[in-house]
2 protein chains.
Amino acid sequence: MADTDRRKPGPRRALSEDAILEAALALLDVGGADAASIRRIAAAVGVAPNAVYTYFPDKGAVVRALVERLLGEVDHAVVDPGRPWQERIEALALDLRRRLVAHPGAVPLLLSGPMDGPAALALGELLLDALAEAGLDATAAARASYTLIVYVLGAIALEVADVPQPGPLAPEGERIAARRAAFAAVPAEAFPRTAAAADVMATYIGTEQYLWGLRRTLAGFVTPI
Amino acid sequence: MADTDRRKPGPRRALSEDAILEAALALLDVGGADAASIRRIAAAVGVAPNAVYTYFPDKGAVVRALVERLLGEVDHAVVDPGRPWQERIEALALDLRRRLVAHPGAVPLLLSGPMDGPAALALGELLLDALAEAGLDATAAARASYTLIVYVLGAIALEVADVPQPGPLAPEGERIAARRAAFAAVPAEAFPRTAAAADVMATYIGTEQYLWGLRRTLAGFVTPI
DNA sequence: ACCTGAACACCGTTCAAGT
DNA sequence: ACCTGAACACCGTTCAAGT
């Protein structure tokens, strides 16, 4: 009757790069890394599967754009120029972890290709700034910044990989409790040190461990070797 | 005629867990992470797709067994008890990197689930041994060992992810040269420090950077903080 | 116990066609 | 320029059946 509703009801039919990426992220969030198929994205956005190819040349391009968007969301304002360099890096690392862990299904995609987009470069600049202030020369600052990127992304990837089922991550405390239960089964005869440290190992995927490793890594950058 | 050749010619028809894992690894090596499909594994081993389910309940189980096998191949003998703890950890980290980078298609599978098999635990014990010798108490040794696992796996994952096309990795020098060419395009106005450090960044995926980060991380473990 | 044929519900991508 | 229908060559997994 009213000619304002064009076709079928359901998801808004504003097909665009943004709508596609939003739909992809929503699918990732509920179904995990494999849930963001071209066909499901198209269905979510109310369009035939091949319509997606009007905006992206292939699935890889969708993934790359999504990764770029996630990295671009990191709040550069958490880096307060007035604070010491360690605190700035810590704030950045915590913000990145918080944002990525909120989309566990997207994390494997981050590690699936080179991170060479503008958002990644911008984060790299922030790190290089902080490390220059720490007194590192240009070469050491570059090596240190990559060491940090490796640590941060590695920790986030392992944290997410620890949870088998898709969907939002349970609170940290619950995940640690589940790990503690699992580590109770480690045979102490074969792995004595592991069995003895089981309670600490249960906390590997938590914030305390994340900061412990980060701070030790930062300390290593400014220690005579 | 001769009744020694039972059926068709082609791949030996010794179906078994081992044959399946070997076929999967071979497929991974030539076609990348997505190439090890159940159907292709079955074809390579000369069997109907669903025959694989006699040995593994699902594809995830195949992947887990393959990961366990790869981690189990790490040569514990590279850890010479007579050498200082840093050297032992370095040897282990280099051996693991060498073995995993030889199968780039398998690396994404490593990060796709928890590493809680016996081979992973055995490597963890080696780390805990070395870190205890470094003077760390049980808790610090555990935190440090996980920091190392994160660093090593993160570095290997990013190194492999840097190469888009499947198949064996080109020699390190070639990959670095390709990165150098790519970094030449970074706009110096927007990313001044990145552009200035482009030559170092080209070497991020190399052995020198791997050892730099590893040694700094180790140094951070024994620095007063 | 071990394997097969056939089927189911999926994939990504291409091509010709329609507006 | 943007979207669709139909098709192609794939997936993982299940089920009933055969030996």
Side-chain angles (χ1 to χ4, degrees), chain A residues 3 5-24 26-28 30-67 105 108-109 112-113 164-166, chain B residues 3 5-24 26-28 30-67 105 108-109 112-113 164-166:
Chain A
D3 69 316
D5 55 342
R6 311 283 182 72
R7 311 277 167 86
K8 304 166 188 169
R12 277 279 146 265
R13 121 176 331 266
L15 189 51
S16 67
E17 292 197 13
D18 261 23
I20 289 168
L21 295 181
E22 238 162 77
L27 286 164
L28 247 21
V30 346
D34 296 330
S37 70
I38 295 286
R39 298 182 100 107
R40 283 213 259 238
I41 293 168
V45 101
V47 101
N50 44 2
V52 173
Y53 293 90
T54 308
Y55 298 89
F56 297 95
D58 53 30
K59 194 190 177 181
V62 178
V63 166
R64 282 189 296 275
L66 189 60
V67 166
L109 307 182
S112 72
Q165 82 278 38
Chain B
D3 69 318
D5 55 342
R6 311 282 182 74
R7 311 277 167 86
K8 305 166 188 172
R12 280 274 146 268
R13 127 176 325 270
L15 189 51
S16 66
E17 292 197 15
D18 261 21
I20 288 168
L21 296 181
E22 239 161 77
L27 285 165
L28 247 20
V30 346
D34 296 331
S37 69
I38 294 288
R39 298 181 100 108
R40 283 213 258 238
I41 293 169
V45 99
V47 101
N50 45 4
V52 173
Y53 292 91
T54 308
Y55 298 88
F56 296 96
D58 52 30
K59 194 189 177 185
V62 178
V63 166
R64 282 189 297 274
L66 189 59
V67 165
L109 306 182
S112 71
Q165 83 276 41

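To find a chain, count down the sequence lines: A is the first, B the second, and so on, and within it residues start at 1.
Between B/P57 and B/A61, the shortest heavy-atom contact is CD-CB, 3.6 Å. Here the shortest heavy-atom pairing between B/I20 and B/F56 reads CG2-CE1, 3.7 Å.
Here the CG-CD distance, from A/L66 to A/E22, works out to 10.5 Å after rounding to the nearest 0.5 Å.
As judged by a 4.0 angstrom heavy-atom cut-off over every strand, A/F56 is placed among residues making no nucleic acid contact.
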Show the atom names and distances, to 0.1 Å, of all donor-acceptor pairs under 3.5 Å that link a side chain in residues 31-49 of chain A to residues at least two apart or in another chain.
unit_1	atom_1	unit_2	atom_2	d
A/S37	OG	A/R40	N	3.1
A/R40	NE	A/A35	O	3.2

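Take B/D18 and apply the salt bridge (charged side-chain N to carboxylate O under 4.0 Å, His left out) test, not counting sequence neighbours, and it matches B/R69. With sequence neighbours left out, the side-chain contact (heavy atoms from CB on, under 4.5 Å) criterion links B/A26 to no other residue. For A/V67, the side-chain contact (heavy atoms from CB on, under 4.5 Å) partners two or more places apart in sequence, or in a different chain, are A/V63, A/L71, A/L109, A/L110.
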Below 3.5 Å between N/O atoms, which protein atoms pair up with nucleotides 10-14 of chain C? Just atom names and distances, please.
unit_1	atom_1	unit_2	atom_2	d
C/dC11	OP1	A/S37	OG	3.2
C/dC11	OP1	A/R40	NE	3.2
C/dC11	O5'	A/S37	OG	3.4
C/dG12	OP1	A/I38	N	3.0
C/dG12	OP1	A/K59	NZ	3.2
C/dG12	OP2	A/I38	N	2.9
C/dG12	OP2	A/R39	N	3.2
C/dG12	N7	A/R39	NH1	2.7
C/dG12	O6	A/R39	NH1	2.6
C/dT13	OP2	A/Y53	OH	2.8
C/dT13	OP2	A/K59	N	2.9
C/dT13	O5'	A/Y53	OH	3.3
C/dT14	O4	A/N50	ND2	3.3

- line: DNA chain D in dot-bracket form (Watson-Crick or G-U pairs under 3.5 Å, [ ] crossing, | inter-strand) is ||.|||||...|||||.||
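No side-chain heavy atom of A/L21 sits less than 4.5 Å from a side-chain heavy atom of A/Y55.
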